[in-house]
Each structure stands twice: as structure tokens, then as C-alpha cells.
Amino acid sequence: MQREPILYVDDDHNNLIVFRTAFLDYFDVCACSSAEEALSLCERREFPVIIADQRMPGMKGTDFLEIVKEKYPLTIRMILTAYTDVVDVLDAINKGSVYKYLTKPWRTEDLLMTLHRALEAYHLSQENRRLTDQLIEAAKLSVLGQFSAGIAHEIRNELSLITLAELIREKYPKDEMLQRYSAILLEARDHLLEIVNEVTNVARGVEPSCEKKPVPLAEIIQNALSLVRYDRNFDGKTLVEKVSQNPVISGDKGKLRQVFINVLQNAAHATDSCNQGVITIETLEEPGFGVVAISDNGCGIAPENMARIWEPFFTTKQEHGTGLGLDICQKILHAHNGRIECTDSSPDGTTFKVWLPLHRQD
């Protein structure tokens, strides 16, 4: 059974040895001799429980734990002190900086029980946060469901007017320009209907269904590019397509086109502040997978947002985004036994990669 990590901070080297020796059989004990060293360690590793001595040179234990509270609010914080420091410690407890204070000298049995209870409290708070997040998401989906049901009806009514493009295509079969523009309009209509259906399905908790057929991956990319080139968000931006390889995958062409359009639109948004925005789309093949890499020279993703970009309703686009795009992409790709990852991000740009299983000829 894996031992859970506990951080002990004390400037007295002997105290560190005693604490580690007493509890090493029960926990993964990490020890630091200063608050500054402990804060640096906390940036690299998560600690459910932190115990700090009160009287340390430089930063007092209570001041250190106030910083821990600000950065890692779920961490259980305890202070170790002599009786003469009780006034300071009680003030820290009243401020919510510490969970419990421990007095010197401590008894191993008592402290062991306290540490186990602290870990239980930590896991309980984690579970409470998880359940709270689920309730918040469920409430958002409920509102989205009510909203999407009404707006879906209105959008479908308006999109029916685009059906006139079919009449134009039938009436002018020899006009190549009208034929091309009509085809683009009808594809745009189908794409919008797919988006409406996907948002509605998300609100209902319905997983996307896919009609999989063999299709060259580059064909899906070219189809997506033919639509985004008429999107005003791509004005003044350079789209570079590289077909290093053209693997055949098994997938739903319409659903996958939606995935790539979404990632391309995110890239366009990221390059809004660039003097010359460049978005590169490369199609290649890896063992067992067709791969699409979409790179931009935009602003990148802030490190604190990297894990959150996959969360439903999280967006950095303010009024221009719903936060559902990447969540829907993940669901579609999961239905294809594929995946999407952000493989690189810096202030110089971002790269997303999509993996899709190759078509197997049985």
C-alpha cells in the first residue's frame, strides 16, 4: 500500500530526524529545515498534510501556513509549538490558517492518531469539492439544456433558408462558381446543425454517435479548411497545410470535421494579437494511428489553465466562447477510440495533436 506524503518543517535538525524516524513506517515523510525550502517543495509535489514548527528563523510557522492556505487551500495545516507560543497560535487558528496546533513535547501515539485524522479530513474535503463541482456542472447543464432546446428550434428554422442553395445548384448546373458557392453554403448549414445537435446532446448527457467509414484523413482536413477560410476570424491569418502522409482512418467525416474546425478556431483566437498569425496543419501517420498536428504562433496557454482547458464551461474567450468546444472534441474522439492532447505550449505558440486509429481491412 502506498504511503501518503506528509511534510514536516523545522529548523532543528534533530527534530527532523526524530519526526522522520517516528513516522517513516506509516507515511512518506518529507522534511525541510526552512519555510522557504518547504514552499519550493510544495510547488513540485502535493502534500495532504503539512506540520510546521512555530519558531523558525526568517518566517514563522504561522506565517508560512498562511501562505500555504492561500496557495493550497485543501491542505491540512498544523503548527507545532511550545506552550509559550499559544497566543500566536490561537490567533492563527481563528484566522483559519491552521487545522490544529500541537505542543512540545509530543507523544508518538497521540500524534500518529492526529495525522491519520488529518488525512481523513483531507480526503473528505477533496470528495466534498468533487461533489460540489458535479452539482455546479449539473446546474450549468440544466440551464444549457433549457436554453439549447429553444435556440435549436430557432436555428433550424433559420438554416432552412439555406436550402435555397440547393435550388440555385439545380437551376444553374453549368455555372461553376455558383456550384462551388452553393456547396460551401450547404456544408456550412450541415456543420451548424451538427454543432446544435452536439450542444443539445451535451446538455442531455448523451454521448455522440458516429457513423464510421473509411476516409483519408487529409480529405477531412481539406473539408474543414474549405469552411474556415470563409470565417472572418481567419482574416489576415495564414493557413499552412502539410500532408506529410495521408493515412486512411475509420471515422464519421462530419463529426471529425467539427473537431478540427474547433481546434482551428481556437488557434485563430490565440493569434489575434499577432502581427502575422500563422496556423499550420500537418497530416501524418504513426504506428496504428493517423495524426493531425495543429500549431499556431499565438500567445500560448497559461500554465495554470493547462489542465482546465478540458473542463466543460471553462473558457478564456470571455463572451466569445462557451467552454464546450474541447469537451465536445474529447467526446467525439473518445467515440472514435482516438484522443487529443496539447503537446506543446509557450508564449511563442501552441500545438494540439489528434490521434485516430487507422482503418483496418479485415
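The first residue in the sequence is number 1, and the count goes up from there. These values consider heavy atoms only, across backbone and side chains, with no hydrogens, waters or symmetry-generated copies. Computed from a predicted structure; not experimentally measured.
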Smallest separation among heavy atoms of Ile279 and Ile281, with atom names:
O-CD1, 4.0 Å

Ser34 side chain to Glu37 main-chain N or O, any donor-acceptor pair under 3.5 Å?
yes

Scan side-chain atoms only and decide if His123 and Glu4 contain a donor-acceptor pair under the 3.5 Å cut-off.
yes

Does a donor on one side chain sit under 3.5 Å from an acceptor on the other, for Gln276 and Thr238?
yes

Are the side chains of Leu115 and Val49 in touch, meaning some heavy atoms are under 4.5 Å apart?
yes

If the condition is ring pair (Phe, Tyr, Trp, His ring centres under 6.0 Å), which residues does Phe260 pass it with, not counting sequence neighbours?
none

Thr350 versus Asp344: any side-chain heavy-atom pair under 4.5 Å?
no

What's the separation between atom CD in Gln222 and atom CG in Leu217, rounded to the nearest 0.5 Å?
10.0 Å

Can you find a heavy atom in the side chain of Glu109 that is under 4.5 Å from one in the side chain of Leu112?
no

Does Arg55 reach the main-chain N or O of Asp53 with its side chain, forming a donor-acceptor pair under 3.5 Å?
no

Checking the side chain of Lys60 only, and the main-chain atoms of Met56 only, is there a donor and an acceptor separated by less than 3.5 Å?
no

Nearest heavy-atom pair of Phe47 and Ile6: which atoms, and what distance?
CD2-C, 4.0 Å

Just how far is it from atom CG of Leu333 to atom CG of Leu256, taken to the nearest 0.5 Å?
6.5 Å

Of all heavy-atom pairs linking Pro48 and Leu119, the shortest is CB-CD2, 3.7 Å

Shortest non-hydrogen separation from Lys212 to Ala335 and the atoms involved
NZ-O, 3.0 Å

Contact check, side chains of Cys30 and Arg45, non-hydrogen atoms, under 4.5 Å
yes

Going by heavy atoms in the side chains, are Glu282 and Val292 under 4.5 Å from each other?
no

Heavy atoms from other residues, nucleotides or ligands near CZ of Arg339 exceed 12 (cutoff 6.0 Å)
yes

For Asp110, the salt bridge (Lys or Arg N to Asp or Glu O under 4.0 Å) test, sequence neighbours excluded, returns Arg107

Between Arg180 and Asp175, does at least one N-O distance fall below 4.0 Å, as a salt bridge requires?
no

Output yes when a side-chain donor or acceptor of Thr283 lies under 3.5 Å from a complementary backbone atom of Gln245, and no otherwise.
no

Test ring-ring contact (aromatic ring centres under 6.0 Å, His included) on Phe27 and His116 and set out the steps.
CA-CA 10 Å; Phe27 311 107; His116 281 303; 5.2 Å; yes

Glu127, CD: over 12 other non-hydrogen atoms inside 6.0 angstrom
yes

Do side-chain atoms of Asn297 reach the backbone of Val278 as a donor and acceptor pair under 3.5 angstrom?
yes

With side chains defined as the heavy atoms from C-beta onward, is the minimum distance between Cys342 and Met306 less than 4.5 Å?
yes

Which of these, Thr343, Thr351, Thr280, sits in a side-chain hydrogen bond (donor to acceptor under 3.5 Å, both in side chains) with Ser295?
Thr351

Where do Asp252 and Lys213 land on the salt bridge (Lys or Arg N to Asp or Glu O under 4.0 Å) test, with the steps shown first?
CA-CA 6 Å; Asp252 187 313; Lys213 296 179 181 178; over 6 Å; no

Common cluster, Tyr26/Val18, ILVMFWY with side-chain heavy-atom separation under 4.5 Å:
yes

So, Arg44 versus Ser40: side-chain donor-acceptor pair below 3.5 Å or not?
yes

Quick one: closest heavy-atom pair of Cys42 and Leu7, and the distance?
SG-CD2, 3.8 Å

Is a side-chain N or O of His336 found less than 3.5 angstrom from the main chain of Leu356, in a donor-acceptor match?
no

Considering all heavy atoms, the nearest Lys253-Glu219 contact
NZ-OE2, 2.8 Å

Sidechain-backbone polar pair: Asn246 side chain, Ala218 backbone, donor-acceptor under 3.5 Å
yes

Given the side-chain rings of Trp106 and Tyr8, with only the six-membered ring counted for Trp, is the space between their centroids under 6.0 Å?
no

Pairwise side-chain contact, Phe23 with Arg3, heavy-atom cut-off 4.5 Å (strictly under):
no

Would you give the length of the straight line joining atom CG of Leu264 to atom CG of Leu225, rounded to the nearest 0.5 angstrom?
6.0 Å

ILVMFWY clustering at 4.5 Å (side-chain atoms), partners of Val291
Leu284, Phe289, Trp355

Compare all side-chain heavy atoms of Gln179 with those of Arg169 and state whether any distance is below 4.5 angstrom.
yes

